[in-house]
Amino acid sequence: MTTETPVIEVRDLEKVYRLGRNVEVPALQGVSFTIYPGEAVAIMGPSGSGKSTLMNILGCLDKPTRGEYYLDGQRVSDLSDDELAHIRNRKVGFVFQTFNLLPRMSALENVALPLRYAGVLRGARERAREALERVGLGDRLHHRPNELSGGQQQRVAIARAIINNPSIILADEPTGNLDSRTGREIMDLLLTLNREQGTTLIVVTHDPEVAHMMQRILHIRDGRLLREERTGTR
Amino acid sequence: MLSTLYLAITEALRSLAANKLRSFLTILGIVIGVAAVIALLALGRGAQKIITENIQGLGTNLILVGPGNPQRDPAAQLNIPPLKLADAYALQDPQAAPSLQYVVPLLRRSVRVRYGDKTYTTLVFAVTPEYRIVRNYNVIEGTFLTEEHLLNRASVAVIGPELAKILFGRDHDVVGTTIFIQGYPFRVIGVLEYKGAAGFGGTQDDRVVIPLTTAYARLFPEDRGKVDVIMASAVSPDRIDAAQEEIRQILRVRRRLRPGEEDDFTIFTQQEFLQIFQVITGVLTVFLGGIAAISLLVGGIGIMNIMLVSVTERTREIGLRKALGARKRDILIQFLVEAVTLSLVGGLLGILLGWGIARGVELVAARFDTTLPAVVDLQAILLATLFSAAVGIFFGFYPANRAANLEPVEALRYE
C-alpha cells in the first residue's frame, strides 16, 4: 500500500482568513496527511474546527494560504482558477448535504451537467442514464428534483458526482438531511461505489456512526489534525 | 460549438420561462422602443414613397422658375420685381434657349368658385395650353385648353375631379355646365385626371385651370403682364442643367442684374425637389434614431437590473456549477446568452408590434381616404434585431461578469 502513489497528499496546509485590515483568523494551522487510492476516509470535527475549510481545499474550491496539496500526484495548491475548474470537473465528485440539484432540470439533465463543462456533448444523455441506473434510479430519469424523495435526490447527486469517473468523491454530511434509514442506504451506496469502482471516498461528518463505516477517521480540532483513528472496518 | 450554443439558449429560455411575468416586464421597454421605431419608420417610408411618386408625377423634365432667392441677403428680398409674361416669351426664343422645349407662364390666385348654391374656395391656375404637356396632365372627360381659347380669351375652365365632386357631386358628365369664378361665368370644357395629394396634406385635384389671357382680361386686370411661376421643360433629361443655365442668363439680363450680383429669382428642378425632400427625411430619420437610442437605453437598463437580481438569486446555482467544473467563461456565456435572449425576444416582439401598429394606421388612414402605406423593409428589421442583441450584450456583460467572478466557496455557502 505504501508503495502506491497517494491520491491525496497534504503537507503543512495552512489557511488564514483575513477579516478587515489587521484581523487574521487561522482556519488551518499546519495539517498533513496522506490518502491512498480506494480508501474510505472520514473527516470529523466540531463546527469551527476547520473541517469545512479542509474539505473546500481538498475539493479544489479554495486555495491554501501555505502548504502543499497533491491530487493524483499533481500539485494543485497554486493552480489558476480555470485549471482548478478543470480538476474539479475531472477528478472530484461532490456530494452535498442539501443535494444541490438544479430545480428546473430533470434528474438526467442534472447528472449530465458536469459532462457539458467537460465538453462532452455526444452520448452525454446515454452516460447520464447509465450513471442513474448505477445508483438505482433507472426509472426516474425525467423526474424533476421536487418530484423525488430526499434519498432519491441524494442518489441523483451521487450519480452526478461519479459521471466523470473522478479520483475522489467528496461527501459533505451526505446523510445530514436524511432520516437514519435512508441515510444508511446512501452510505451503503457510496461505500459500494468505493469498493466496486475503487473510487476514493472522503466523507466529512460529525456523525460517529457514519464515520465508523469508513476505514480511517481524521479528527480535526482547532485547525489541526488531532489524531488518526483506524476503525478496523474491512 | 453550435450545440453548446443551442444548449445555452434552451437553458436560457427555460430559466426565463420560469419567471414569465418578470421576463415579460423586463423586455417591455425594448418591445415598446423597437415597436415605436418600426412603426414610425414604416409610416415614414410610406409617406416618403408617396411624396416621391408625387414629385416624379410633376413631369420628368420639369423646371420651375419663381421670383426671389432664399439665399440672398434678407434685406434684398424686399422689392423684388415679379416675373413677367415677357420673360416667358423671351425664354421661348429657340436661339437664346435651345435646351428648352416648352415654356408655360402661370398666374396663381385664390378664388371663389360657385355652382348653384355651392361655393368653394380654391386655387385657379391661369396658364397656356402647353401646361398639360409640361405637367403630364390628362383629362378624364372633355378637352384641355387650346390655342384658340387662349387667343379668344375664352371663358372656359378645366376643373379638377375633386372640385367636380364638390360642385356637382360627381367627377363626370359635367362638361358644358357653367360655373362662376369670382362671379364671372365660365363654361366647363374638361375634367382633369386624379393626381393625388399635393405634398404634405391637401390635394391638387380641387383646382381650376383657365386660359392666362382670360385671367388678365376678366378676373385680374390689375395683374396684367405679371406671372407667378414660369414652368418649363427641357428637351431631354440630360439637358436639364443646360436649360437651367440658359434660363438664368436670359433672366439676369432681363432683370438687369449686375455681374457678381446674386440672382433675385430661383430655378427649381424636379431633381432638386427630390433632394430637398430627401434632406428632410434624413433629418427625420436621425430623429427616429434618437428615439430608438433612448428607448433601447432604458430597456437595456431594465435588463441589466433584472440580470443583477437574477445573479444574486442564483448565487448558489453559480457556486454549484463552478463546483461541477464550470469555468469563468462558461458562467459568463450562460448569463450573457440569457441577457441577449431577453433583449432579442423583446426586439422581435417589438418588430411584430410595430408592424401591426403601422398596418393599423394604414387601415385607419385608408378609411379616411388617405393613402399612407406601411412599408416595413428588411433593413429596418435587421437593424432592430441587431440593435436589441447589442443592447443585451452591452447591458448583460456587467451582471454576467459579476456572476463569473463569484468565488465558488462563497457562492456555495450563500443562503
Side-chain angles (χ1 to χ4, degrees), chain A residues 15 17 27 52-63 80-106 109-125 144-145 157 160-164 166 170 172, chain B residues 1-23 310-338 341-342 400-415:
Chain A
K15 179 72 183 179
Y17 288 110
S52 294
T53 306
L54 180 59
M55 194 209 70
N56 287 336
I57 292 174
L58 291 181
C60 298
L61 290 165
D62 207 351
K63 294 181 205 178
S80 74
D81 287 350
D82 277 0
E83 287 165 327
L84 285 178
H86 183 75
I87 301 258
R88 288 197 292 271
N89 184 246
R90 299 303 173 93
K91 304 214 161 171
V92 185
F94 287 96
V95 177
F96 302 92
Q97 178 176 358
T98 51
F99 322 134
N100 274 341
L101 300 175
L102 294 185
R104 286 189 303 274
M105 293 185 171
S106 69
E109 289 167 313
N110 265 293
V111 173
L113 200 53
L115 289 176
R116 167 142 24 131
Y117 297 125
V120 177
L121 293 169
R122 197 166 300 174
R125 292 176 71 85
R144 299 268 178 103
R160 183 179 64 191
I162 61 173
I163 187 127
N164 261 338
L170 209 52
D172 183 10
Chain B
M1 183 61 209
L2 222 62
S3 43
T4 314
L5 202 63
Y6 170 77
L7 272 175
I9 291 170
T10 48
E11 200 173 310
L13 282 174
R14 209 192 293 191
S15 102
L16 296 175
N19 274 311
K20 280 189 196 67
L21 181 62
R22 186 164 94 179
S23 303
S310 172
V311 167
T312 307
E313 278 177 353
R314 286 151 73 188
T315 301
R316 256 185 101 83
E317 174 190 329
I318 294 161
L320 171 76
R321 285 175 184 271
K322 289 201 156 192
L324 296 181
R327 290 157 302 180
K328 278 184 184 179
R329 67 163 167 268
D330 294 317
I331 304 293
L332 186 79
I333 287 170
Q334 180 191 339
F335 280 90
L336 260 189
V337 166
E338 211 168 296
T341 305
L342 266 178
N401 198 45
R402 189 184 256 200
N405 282 316
L406 283 175
E407 288 296 331
V409 178
E410 304 285 323
L412 267 174
R413 205 184 291 148
Y414 187 87
E415 293 297 329

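Just so we're on the same page: letters track the sequence lines, and every chain starts at 1. Please read all numbers here as calculations on a predicted model, not as lab measurements.
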Visitor: With sequence neighbours left out, write down each residue that passes ring pair (Phe, Tyr, Trp, His ring centres under 6.0 Å) with B/Phe335, or none if nothing qualifies.
Guide: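 Partners of B/Phe335 under the ring pair (Phe, Tyr, Trp, His ring centres under 6.0 Å) test: none.
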Visitor: Considering only heavy-atom distances, could you tabulate the donor-acceptor pairs under 3.5 Å between chain B and chain A?
Guide:
{"residue": "B/Glu11", "atom": "OE1", "partner": "A/Arg116", "partner atom": "NH1", "Å": "2.8"}
{"residue": "B/Glu11", "atom": "OE1", "partner": "A/Arg116", "partner atom": "NH2", "Å": "2.7"}
{"residue": "B/Arg14", "atom": "NH1", "partner": "A/Arg104", "partner atom": "O", "Å": "2.9"}
{"residue": "B/Arg14", "atom": "NH1", "partner": "A/Glu109", "partner atom": "OE1", "Å": "3.1"}
{"residue": "B/Arg14", "atom": "NH2", "partner": "A/Glu109", "partner atom": "OE2", "Å": "2.6"}
{"residue": "B/Arg316", "atom": "NE", "partner": "A/Asn100", "partner atom": "OD1", "Å": "3.4"}
{"residue": "B/Arg316", "atom": "NH2", "partner": "A/Thr98", "partner atom": "OG1", "Å": "2.9"}
{"residue": "B/Arg316", "atom": "NH2", "partner": "A/Asn100", "partner atom": "OD1", "Å": "2.9"}
{"residue": "B/Arg321", "atom": "NH1", "partner": "A/Tyr117", "partner atom": "OH", "Å": "2.8"}
{"residue": "B/Lys322", "atom": "O", "partner": "A/Arg88", "partner atom": "NE", "Å": "2.7"}
{"residue": "B/Lys322", "atom": "O", "partner": "A/Arg88", "partner atom": "NH2", "Å": "3.2"}
{"residue": "B/Leu324", "atom": "O", "partner": "A/Asn89", "partner atom": "ND2", "Å": "2.8"}

Visitor: Once rounded to the nearest 0.5 Å, what's the spacing between atom CZ of A/Phe96 and atom CG of B/Leu320?
Guide: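 A/Phe96 CZ to B/Leu320 CG: 5.5 Å, rounded to 0.5 Å.
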Visitor: Identify the two heavy atoms, one from A/Ala85 and one from B/Ala326, that lie closest to each other, and give their separation to 0.1 Å.
Guide: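 Where A/Ala85 meets B/Ala326 most closely, the heavy atoms are CB-O, 3.7 Å.
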Visitor: Using non-hydrogen atoms and a 4.5 Å limit, figure out which bit of A/Leu61 sits close to chain B: side chain, backbone, both or neither.
Guide: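 Both backbone and side chain of A/Leu61 come within 4.5 Å of chain B.
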